[in-house]
Amino acid sequence: MLIVQKFGGTSVGSAERIKAVARRCLATQRQGHRVAVIVSAMSGETNRLLALAREISPEPNERELDVIASTGEQVTVGLLALAIQAEGGNAISLLGHQVRILTDSAFARARIREVDVHAITDAFAQDRIVVIAGFQGVNKGGNITTLGRGGSDTSAVAVAAALKADVCEIYTDVDGVYTADPNVVPSARKIARISYEEMLELASLGAKVLQIRSVEFGMKYGVPIHVRSSFNDNEGTWVVPEDKAMESVVVSGVTETRAEAKITMVGISDAAGIQARVFRPLAEAGIVVDVIVQASSSEGHTDLTFTLPKGDLKRARDLLAKHCGDICPADRIRSEENLSKVSVVGVGMRSHAGVALKMFEILARENIRIQLISTSEIKISCVIDTKYSELAVRALHDGFELGTVRA
Ligand code: ASP
Ligand code: MG
């Protein structure tokens, strides 16, 4: 088989751990597999590099920032290749531009366009383990780019897709993907198999095990992703195409995202084009809005409510005051912070009725007030006061019986 293994920052956080990774890669190769390994920087290293850059310049040039941030991975590929050699193995390290992981030119958040597999397959032909720097690529002009925080996951899945690997193993410091955060819900269970679509929802709703783009890549190219622990040999969670059995599970997981805020513009005109005028200055400022709800209009007026990260609230209010004063005077822009979004996710929702009702009943039993609701085909989210979000997650996890092992 051809196996791609990715090790995150904590898995390569010290010389000892790098040696352990080297032994695991070698053990895999000795079972007769071809192995490509993608590594992140040592834990804390990318933060340190970015902070250093900001000490020099508060708003650093993004091209240079990528030159700096990408060095964390250059160190770990070298160290891991050395560690494999020290164990008697044969390995070669490759940086993004040496593989040729071609990206667009959006520094700090580049997207992969193409992965050239030649350097990797040449090394396989010499029985080498290929150690590839995650997080980094190169644009058409030869400049180093990076893929955004957590981007090594995406490097790994993209390399796996290009190589048509049998599996992309993501080694991390947890055992897999859980039905809820085990720190909040002690009875949370590891999920054995989950669809790409559910994983995408979970990743965007706060489950941090995989960068969202890596799941998109996996889904697009059908790469089986196995999320597992680098500290043991347990089976982790398989992220795979949806199958019939998954549909019988109505809810697969419960998540919460905190630090949300809400803005309501009261009594604005419901004329055509108003919403575009409201959201344009926010979009131009890079503010990501999430749940948007417009009340039904009466006599040409309506209320428009939306959520956004709490950290962007002040900026958003200032922008609205500046650009939308004629639509909505400042005293009619209400806001609230300290909100959480709790969500239940599951492909089975598509074919089961009453899931929303059940969620509302569970929250009602705990006396939790729902401020906003949004849904997709496989997800229901409720925005509530952060004070109650742990309680909500536990109640939903219990109510949907996610702690119960299924046959
Ligand atoms: N080292 C990068 C980061 O900390 C990429 C990664 O770890 O996936 O974001
Ligand atoms: Mg990560």
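The chain is numbered in sequence order, starting from 1. Both counts, for ligands and for their atoms, begin at 1 and track the order of listing. Everything quoted here is computed from the prediction, not taken from an experiment.
- Protein heavy atom at the shortest distance from atom 7 (O) of ligand 1 is S40 OG, 3.1 Å.
- In Q31, the CD atom is crowded: over 12 heavy atoms of neighbouring residues, nucleotides or ligands sit closer than 6.0 Å.
- Of all the heavy atoms in Q211 and G151, the pair that sits closest is OE1-CA, 3.5 Å.
- Summarising the local packing, CZ of F360 is surrounded by more than 12 heavy atoms from other residues, nucleotides or ligands at distances under 6.0 Å.
- Distances shorter than 4.0 angstrom do not occur between any heavy atom of G72 and any atom of ligand 1.
- Under a 4.0 Å criterion applied to the non-hydrogen atoms of R149, ligand 1 contributes the atoms 3 (C), 4 (O), 9 (O).
- Below 4.0 Å from some heavy atom of G150 lie the following atoms of ligand 1, by number and element: 3 (C), 5 (C), 6 (C), 8 (O), 9 (O).
- The closest side-chain heavy-atom distance from K358 to H352 is not below 4.5 Å.
- Polar contact check, K6 against ligand 1: no nitrogen or oxygen pair lies under 3.5 Å apart.
- Atom CZ of R258 is surrounded by more than 12 heavy atoms from other residues, nucleotides or ligands within 6.0 Å.
- The single protein non-hydrogen atom nearest to atom 1 (N) of ligand 1 is E73 OE2, 2.6 Å, given as residue, atom name and distance.
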